[in-house]
There are 2 protein chains.
Amino acid sequence: MTVTGNPRRKSLALRRRPPTRRSPRPAIALDALDNHLGYFVRRLQIWIFQDFIRTLAPIHLSPAQFSVLVIVSANRGLSQAELAATLGIERARLVRLLNRLQSRELIARLRSSADSRRHALELTPQGHGVLAQAKILGARHRKRLIEKLGADRHGVLLQALREA
Amino acid sequence: MTVTGNPRRKSLALRRRPPTRRSPRPAIALDALDNHLGYFVRRLQIWIFQDFIRTLAPIHLSPAQFSVLVIVSANRGLSQAELAATLGIERARLVRLLNRLQSRELIARLRSSADSRRHALELTPQGHGVLAQAKILGARHRKRLIEKLGADRHGVLLQALREA
DNA sequence: TATTGTTATACTCTATAACTATA
DNA sequence: TATAGTTATAGAGTATAACAATA
């Protein structure tokens with residue numbers, strides 16, 4: 001992932017087609033991509049994940065692992081299928097995610113009494129501790145994101161996406 | 001990427017800020033994630049890419065390949081480094097992307113006369129043909145996305161993200 | 001020295017399919 | 001039959017590092 005990390009700002013000479021867009025930004029014409037929400041959504045997602053990955057690195061947690069801890073903590077006893085659907089990931093992938101979290105003793109898989117096919121997920125005390133740290137780091141990340149986007153644009157996006 | 005592709009309709013509400021957690025089968029609480037733009041951005045990106053992947057499948061083009069064709073077509077002669085930066089992908093990954101597009105004879109790497117380290121990228125006639133088809137399919141995808149989001153929300157998001 | 005394109009490696013994620021054990 | 005969790009595998013994407021040719 002490049003995107004950020006591009007420190008050089010120099011000779012971007014040789015531009016053809018000065019963009020019809022009012023934004024001073026795109027030296028390079030986006031053409032059809034300029035109408036595709038997916039292009040911009042992806043670029044923002046890359047920025048956010050890049051920053052969040054670095055933010056969580058000190059406690060050795062990935063964004064995916066963070067979201068697992070958050071959801072399990074707020075929904076004690078939910079099943080893996082429910083968790084996977086909430087996070088938008090494959091059940092199969094969640095298994096490996098949980099394996100790692102369980103081997104670090106951050107989460108526990110309890111057998112559901114009602115339906116013994118299901119695992120009732122819970123955070124261990126250590127899991128809660130790590131989550132607390134992660135939330136502090138997450139707040140810093142959020143602050144940087146708001147700085148980058150501007151508070152109003154951040155608010156507009158959050159509201160529009162929450163309702164989507 | 002699951003998210004869609006899952007025939008069953010599990011009714012995961014993903015409601016905002018469920019203040020109470022009631023007994024039967026309450027919507028799953030997002031807790032801290034509800035303030036994290038990244039969570040929602042990622043979910044929307046998953047939906048969009050899922051749909052776009054299926055849309056482009058008939059012409060055997062991935063979203064990444066589509067964006068390469070669009071940018072190269074609109075910026076004839078640009079270098080691989082510039083293209084990679086525009087798309088937010090690694091130079092190294094772009095090499096393999098281009099290898100495949102070149103072996104299908106959709107793009108050409110010409111030696112830049114000004115700087116012989118650079119490759120001046122161009123679409124072949126076939127590349128332009130495929131791109132034309134892809135744009136038609138892309139328009140259908142966009143229509144579905146607008147239906148899903150609602151025209152106003154789509155507009156709000158596109159504008160906010162373009163300026164971000 | 002720095003940059004462009006390239007190769008290589010390791011790891012994560014995605015998309016499927018199939019298996020088991022329950023229901 | 002259908003569902004929950006699991007295993008397996010192929011392919012895509014990401015993060016790095018290094019190298020040759022060129023500037």
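Protein chains get the first letters and strands the later ones, always in sequence-line order, with residue 1 at the start of each. Because the structure is a prediction, the values reported are computed rather than measured.
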message: Can you pull out every side chain to side chain donor-acceptor pair (under 3.5 Å) where at least one residue sits in residues 128-140 of chain B? Sequence neighbours excluded, please.
response: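 For residues 128-140 of chain B: A/Asp31-B/Lys135.
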To the nearest Å, how far apart are [X] [atom1] and [N] [atom2]?
| X | N | atom1 | atom2 | answer |
| --- | --- | --- | --- | --- |
| A/Glu90 | C/dC13 | CD | P | 13 Å |
| A/Gln45 | C/dT12 | CD | P | 17 Å |
| A/Leu83 | D/dT6 | CG | P | 12 Å |
| B/Ile53 | C/dC13 | CD1 | P | 16 Å |
| B/Leu121 | C/dT4 | CG | P | 13 Å |

Look for any protein N or O under 3.5 Å of an N or O in nucleotides 17-19 of chain C and output each such pair with its distance, or none.
none

From C-beta outward on [X], which listed nucleotide comes closest to its side chain: [options]?
| X | options | result |
| --- | --- | --- |
| A/Arg109 | C/dT14, D/dG13, D/dT6 | D/dT6 |
| B/His119 | C/dT4, C/dT6, D/dG5 | C/dT6 |
| A/Ala64 | C/dC13, D/dT6, D/dT14 | C/dC13 |

message: Applying a 4.0 Å non-hydrogen cut-off, can you work out what B/Ser79 is touching in the nucleic acid: base, sugar-phosphate, or nothing?
response: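 Answer is sugar-phosphate: B/Ser79 comes under 4.0 Å of backbone atoms only.
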What residues form a side chain to side chain contact (heavy atoms under 4.5 Å, CB included) with [X], not counting sequence neighbours?
| X | answer |
| --- | --- |
| B/Ser79 | B/Ala81, B/Glu82, B/Arg118 |
| B/Thr86 | A/Ile28, A/Leu30, A/Tyr39, B/Ile71 |
| A/Ala164 | B/Leu149, B/Arg153 |
| B/Ser116 | none |

query: Looking at DNA chain C, which of residues 94-102 of chain A put a heavy atom within less than 4.0 Å of it?
result: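 Of all residues in residues 94-102 of chain A, the ones placing a heavy atom under 4.0 Å from DNA chain C are A/Arg96, A/Arg100.
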So which protein nitrogen or oxygen atoms get under 3.5 Å of nucleotides 21-23 of chain D's nitrogens or oxygens?
residue : atom : partner  : partner atom : Å
D/dT22  : O3'  : B/Ser116 : OG           : 2.7
D/dA23  : OP1  : B/Ser116 : N            : 3.0
D/dA23  : OP1  : B/Ser116 : OG           : 2.8

- prompt: Under the 3.5 angstrom rule, does the side chain of B/Ser67 hit a backbone N or O of B/Ala64 as a donor-acceptor pair?
  reply: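 Answer holds: yes.
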task: Quick one: list whatever passes ring-ring contact (aromatic ring centres under 6.0 Å, His included) with B/Phe52, sequence neighbours left out.
output: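 Per chain and number, B/Phe52 pairs via ring-ring contact (aromatic ring centres under 6.0 Å, His included) with A/His36, B/Phe66, B/His141.
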field: Interatomic distance, B/Thr55 atom OG1 to B/Arg144 atom CZ [nearest 0.5 angstrom]
entry: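 That separation rounds to 4.0 Å.
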task: Give a yes/no answer on whether the side chain of B/Gln65 brings an N or O atom under 4.0 Å of OP1 or OP2 in D/dA12.
output: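 For D/dA12, OP1/OP2 do not have a side-chain N/O of B/Gln65 under 4.0 Å.
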task: Output yes when at least one side-chain N/O atom of B/Gln80 is less than 4.0 Å from OP1 or OP2 of C/dT6, else no.
output: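 Yes, B/Gln80 has a side-chain N/O under 4.0 Å of OP1/OP2 on C/dT6.
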- request: If a pair satisfies salt bridge (Lys or Arg N to Asp or Glu O under 4.0 Å) and one of its residues is in residues 65-75 of chain A, list it, with sequence neighbours excluded.
  value: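 Of all non-adjacent pairs touching residues 65-75 of chain A, none passes salt bridge (Lys or Arg N to Asp or Glu O under 4.0 Å).
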message: By the salt bridge (Lys or Arg N to Asp or Glu O under 4.0 Å) test, which pairs, at least two apart or in different chains, include something from residues 92-116 of chain B?
response: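 Every pair satisfying salt bridge (Lys or Arg N to Asp or Glu O under 4.0 Å) with a residue in residues 92-116 of chain B: B/Asp115-B/Arg117.
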task: Would you list the pairs meeting ring-ring contact (aromatic ring centres under 6.0 Å, His included) in which at least one residue belongs to residues 70-101 of chain A, sequence neighbours left out?
output: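 Every candidate ring-ring contact (aromatic ring centres under 6.0 Å, His included) pair involving residues 70-101 of chain A fails, so no pair, neighbours aside, qualifies.
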